[in-house]
**Q** 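This is the structure I have questions about; it appears just below.
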Number of protein chains: 2
Amino acid sequence: MKGNNDFNSLDLELSQLAKCLSHPARIQIIAILSRHKDRTCKEIVAELPLSQSTVSKHLKDLLEENLICRKLSGTQSLYTLEWNKLERVFTIFERFNKKTMVHRPKRNCC
Amino acid sequence: MKGNNDFNSLDLELSQLAKCLSHPARIQIIAILSRHKDRTCKEIVAELPLSQSTVSKHLKDLLEENLICRKLSGTQSLYTLEWNKLERVFTIFERFNKKTMVHRPKRNCC
DNA sequence: ATAATTTATCGTATTTTTACGATTATACTT
DNA sequence: AAGTATAATCGTAAAAATACGATAAATTAT
């Protein structure tokens, strides 16, 4: 992004993580890896309606945010979910949830 | 987006909502409106490091996903938070949280 | 050694996002 | 009526995201 010094770092982190989830393919990749311990690129491609190169790019995006991890195994790549990072994602969202929802007006008020 | 018939509708909804949060300006707008009941465009612009027209666009994006609401008041626009929609956002995220985290391996396993 | 498999990367095209200044439309103020 | 204020939209530009086929690199299989 551009001049992001103007935004506070928590908002920036949240926006970065939200961006990871802003494409259904990436959401599905996370879901797949949550169910499977590890999966090859090929297996992931097989579950998505996208080409191999496109899926590879989505994997790279998730890698760069450390939401997933890659282990080489011969000619193939084994992807695993970074559970701690995923947990952090939900922590950050939950924090935003609380920060905003505390201000929600009660039904029997006003 | 393009051929999104290929993705299931829950993943699509989550990705759409995540996209709303994928820019720090939009996150801040939501935070501002959570604290303030309603705010004019001008007031929101004053809190963001962006031009009026750019902020207007972010407001439009949030409007189109029904995360905020607009009421006209003379020459100004009063924006309010759509609490129910925001709650839905967190519900959807929470659902994704549970759906994935159930599969997390226990520490004292294996 | 050759062929096949797997996957990242390259090149490219298209679309979307982000941003800003200028303009327009509308409603207020004087 | 003329000027001011507010905010959406237009025009435009630059950057980022999405997608695919082709290619390259590495490993495994024959």
Side-chain angles (χ1 to χ4, degrees), chain A residues 1-7 11-12 14-29 32-33 38-65 67-80, chain B residues 1-7 11-12 14-30 32-33 36 38-65 67-80:
Chain A
M1 276 188 202
K2 234 190 61 175
N4 278 334
N5 302 9
D6 306 322
F7 292 103
D11 287 352
L12 276 175
L14 176 53
S15 67
Q16 283 292 111
L17 297 175
K19 193 171 290 187
C20 287
L21 304 184
S22 73
H23 194 293
R26 290 191 292 268
I27 290 173
Q28 229 182 297
I29 290 172
I32 290 168
L33 293 182
D38 55 27
R39 292 274 99 173
T40 65
C41 177
K42 195 193 184 189
E43 289 170 322
I44 295 167
V45 169
E47 298 207 43
L48 295 178
L50 295 168
S51 75
Q52 184 266 318
S53 60
T54 300
V55 172
S56 232
K57 177 56 163 59
H58 285 301
L59 289 168
K60 193 186 184 190
D61 294 340
L62 292 172
L63 265 176
E64 279 169 0
E65 275 297 323
L67 260 161
I68 63 176
C69 182
R70 177 162 62 128
K71 286 175 284 188
L72 302 178
S73 163
T75 173
Q76 51 198 12
S77 287
L78 282 177
Y79 287 96
T80 56
Chain B
M1 279 187 201
K2 234 192 60 175
N4 278 334
N5 301 9
D6 305 322
F7 292 103
D11 287 352
L12 277 175
L14 176 54
S15 67
Q16 283 293 111
L17 297 175
K19 192 170 290 187
C20 287
L21 303 184
S22 73
H23 194 292
R26 291 190 292 268
I27 290 174
Q28 228 182 298
I29 289 172
I30 292 171
I32 290 167
L33 293 182
H36 284 106
D38 55 26
R39 292 273 100 173
T40 65
C41 178
K42 195 194 184 188
E43 290 169 322
I44 295 167
V45 170
E47 298 208 44
L48 295 178
L50 297 168
S51 74
Q52 183 264 318
S53 60
T54 301
V55 172
S56 233
K57 176 58 163 55
H58 285 301
L59 289 167
K60 194 186 185 190
D61 293 340
L62 291 172
L63 265 176
E64 279 169 0
E65 275 296 323
L67 259 161
I68 62 176
C69 183
R70 175 162 64 127
K71 288 175 285 187
L72 302 178
S73 164
T75 172
Q76 52 198 11
S77 287
L78 282 177
Y79 287 96
T80 55

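Note on naming: letters A, B, ... go to the chains in the order of the sequence lines (proteins, then strands), and numbering restarts at 1 for each one. Predicted model only: the values in this text are computed from it and were never measured.
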**Q** Whole Å only: how far is the CG atom of L12(A) from the P atom of dT18(C)?
**A** 13 Å
**Q** Under 4.5 Å between any side-chain heavy atoms of Q76(B) and K42(B), yes or no?
**A** no
**Q** In whole Å, I'd like the distance from the NZ atom of K57(A) to the P atom of dA8(C).
**A** 13 Å
**Q** Does a side-chain N or O of T54(A) approach OP1 or OP2 of dC20(D) to a distance below 4.0 Å, or not?
**A** yes
**Q** Could you give the distance from CD1 (I32(B)) to CD1 (I27(B)), rounded to the nearest 0.5 Å?
**A** 12.0 Å
**Q** Whole Å only: how far is the CZ atom of R26(B) from the C1' atom of dA19(C)?
**A** 13 Å
**Q** Between SG of C41(B) and CZ of R70(B), what distance do you get to the nearest 0.5 Å?
**A** 9.5 Å
**Q** Between L48(B) (CG) and dC20(C) (P), how many Å, whole number?
**A** 11 Å
**Q** When you measure from the side chain of R26(B) to the backbone of K19(B), do you find a donor-acceptor pair of N or O atoms at a distance under 3.5 Å?
**A** yes
**Q** Ignoring backbone atoms, test whether H23(B) places a side-chain nitrogen or oxygen under 4.0 Å from the OP1 or OP2 oxygen of dA19(C).
**A** yes
**Q** Could you check whether any side-chain heavy atom of T80(A) comes within less than 4.5 Å of a side-chain heavy atom of I68(A), counting everything from C-beta outward?
**A** no
**Q** If you only use heavy atoms from C-beta on, which nucleotide in dC20(C), dT9(C), dA19(C) is closest to the side chain of S51(B)?
**A** dC20(C)
**Q** Tell me whether the side-chain N/O atoms of K60(A) come closer than 4.0 Å to OP1 or OP2 in dT7(C).
**A** no
**Q** Rounded to the nearest Å, what distance is computed from the CD atom of residue E64(B) to the P atom of nucleotide dT16(C)?
**A** 13 Å
**Q** Does one side chain, of E47(A) or Q28(A), offer a donor that lies under 3.5 Å from an acceptor on the other?
**A** no
**Q** I'd like to compare against my own output: the B/S/- annotation of nucleotides 3-8 of chain D with a strict under-4.0 Å heavy-atom distance to protein.
**A** --BBBB
**Q** What integer distance in Å separates L72(B):CG from dC28(C):P?
**A** 11 Å
**Q** Take atom NE2 of H58(A) and atom C1' of dA17(D), then tell me their distance rounded to the nearest Å.
**A** 9 Å
